[in-house]
Amino acid sequence: MADKTIIINGVTFGRGTGVKIDENAEVNTEKTFDGPVNFGIAKTEYTVSVDKLIAPDVETYLAMRNVLKDMRANKGEVTIKEIVREKGGNSYTVKEIFLGCLVSSYSKEINVDSLTTESIEFTAEDLDEEVTRN
């Protein structure tokens, strides 16, 4: 059932409940006598938000905590891997590798009625995408 995997600096962050990816493209408009001219930038910054249930055991919790602590100052990698199944039974894997990532936000929600959840946000400098047929 693990069709989606979250890997942060080599550590698999299991129990993920959601990932949101925002491409922060920048478009500028310059007004000219002939009308507006739009232009963008070649490189785009990305925001990767990960929501997950808290780690199931202390070893995993400590490994994830160390990765997140390190990535506050040292750039790392966030990989989102998804297996997509086609109608005919074939499948392919999409791997999005976000490079130059730093933790930009972290929050934890502790609630009496549900399991503890964490939300982690990364700012990435670049994206490398790999698509392979399985």
Side-chain angles (χ1 to χ4, degrees):
M1 171 144 179
D3 287 340
K4 298 166 184 75
T5 308
I6 304 164
I7 304 165
I8 302 173
N9 259 6
V11 175
T12 300
F13 274 54
R15 308 183 95 187
T17 60
V19 174
K20 182 179 177 196
I21 299 165
D22 291 314
E23 184 174 337
N24 306 317
E26 207 173 293
V27 177
N28 293 315
T29 302
E30 186 70 32
K31 294 179 183 178
T32 70
F33 296 126
D34 300 322
V37 175
N38 294 325
F39 57 95
I41 55 175
K43 269 188 126 176
T44 301
E45 175 185 285
Y46 298 87
T47 302
V48 181
S49 303
V50 177
D51 295 322
K52 63 180 287 310
L53 296 176
I54 200 151
D57 55 60
V58 70
E59 292 80 13
T60 306
Y61 180 84
L62 292 173
M64 291 188 305
R65 194 60 52 231
N66 287 336
V67 166
L68 295 177
K69 193 181 293 186
D70 182 58
M71 287 180 67
R72 289 180 186 153
N74 300 305
K75 295 176 185 176
E77 252 181 40
V78 175
T79 301
I80 309 299
K81 186 169 91 172
E82 180 177 10
I83 297 172
V84 180
R85 302 196 191 296
E86 298 173 336
K87 283 185 180 179
N90 296 326
S91 65
Y92 61 95
T93 301
V94 177
K95 192 186 288 188
E96 294 176 293
I97 306 161
F98 294 90
L99 307 167
C101 296
L102 289 172
V103 173
S104 54
S105 176
Y106 171 83
S107 65
K108 184 188 291 188
E109 185 173 334
I110 302 170
N111 190 319
V112 69
D113 295 326
S114 61
L115 296 173
T116 300
T117 58
E118 297 176 299
S119 296
I120 309 146
E121 187 176 276
F122 300 90
T123 299
E125 294 176 341
D126 207 356
L127 168 65
D128 186 21
E129 187 175 46
E130 298 174 9
V131 179
T132 54
R133 187 161 291 285
N134 299 335

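Scope of the values below: all heavy atoms of this structure, side chains included, with no hydrogens, waters or symmetry mates. Quantities reported herein were computed from a predicted structural model and do not represent experimental measurements.
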Legend entry - Spatial distance of atom OG1 (T132) from atom CD1 (I83) [nearest 0.5 Å]: 9.0 Å
Legend entry - Gap between atom CD of E130 and atom CD1 of I97 - 0.5 Å precision: 4.0 Å
Legend entry - Pairwise side-chain contact, K75 with L102, heavy-atom cut-off 4.5 Å (strictly under): yes
Inset, instruction - Verify the distance criterion only: is there a donor paired with an acceptor across the side chains of D51 and T117 at less than 3.5 Å? - result: no
Legend entry - Shared hydrophobic cluster, I54 / V58 (ILVMFWY, side-chain heavy atoms < 4.5 Å): yes
Inset, instruction - Using atom types as modelled and distance alone, determine if a side-chain donor or acceptor of N66 lies under 3.5 Å from a backbone N or O of L62. - result: yes
Inset, instruction - Check the hydrophobic clustering (I, L, V, M, F, W, Y; side-chain heavy atoms under 4.5 Å; chains of links allowed) and say if Y61 and V11 are grouped together. - result: no
Inset, instruction - State plainly whether one hydrophobic cluster holds both V48 and I7, where clusters connect Ile, Leu, Val, Met, Phe, Trp and Tyr through side-chain heavy atoms under 4.5 angstrom apart. - result: no
Legend entry - Distance-minimising heavy-atom pair for N9 and G76: OD1-CA, 3.1 Å
Inset, instruction - Give a yes or no on whether V19 and Y106 share a hydrophobic cluster (residues Ile, Leu, Val, Met, Phe, Trp, Tyr; joining criterion: side-chain heavy atoms under 4.5 Å apart). - result: yes
Legend entry - Hydrophobic cluster partners of L53 (side-chain heavy atoms under 4.5 Å): L115
Inset, instruction - Could you check if a side-chain atom of E23 sits within less than 4.5 angstrom of a side-chain atom of L127, using non-hydrogen atoms only? - result: no
Legend entry - Any F122 side-chain heavy atom under 4.5 Å of L68 side chain: yes
Inset, instruction - Could you tell me the separation between the OG1 atom of T29 and the CG atom of N38, rounded to the nearest 0.5 Å? - result: 4.0 Å
Legend entry - Value rounded to 0.5 Å, distance of OG1 in T93 from NZ in K81: 6.5 Å
Legend entry - Point-to-point distance, once rounded to the nearest 0.5 Å, from CD of E96 to CG of D128: 10.5 Å
Inset, instruction - Any pair with a residue in residues 104-121 that passes salt bridge (charged side-chain N to carboxylate O under 4.0 Å, His left out), sequence neighbours left out, goes on the list, sorted by first then second residue, please. - result: K52-E118, R65-E118
Legend entry - T44 to Y46 - nearest heavy-atom pair and separation: O-CE1, 3.2 Å
Inset, instruction - Please name the pair of heavy atoms, one in I6 and one in G16, separated by the smallest distance, quoted to 0.1 Å. - result: CD1-CA, 4.0 Å
Legend entry - I8 with I21, same ILVMFWY side-chain cluster at under 4.5 Å: yes
Inset, instruction - May I ask you to decide if G14's main-chain N or O and T12's side chain share a donor-acceptor pair within less than 3.5 Å? - result: no
Inset, instruction - Working to the nearest 0.5 Å, report the span between CE of M64 and CD1 of I120. - result: 7.5 Å
Inset, instruction - Taking the side chain as every heavy atom from C-beta outward, state whether K95 and T79 have any atom pair closer than 4.5 Å. - result: yes
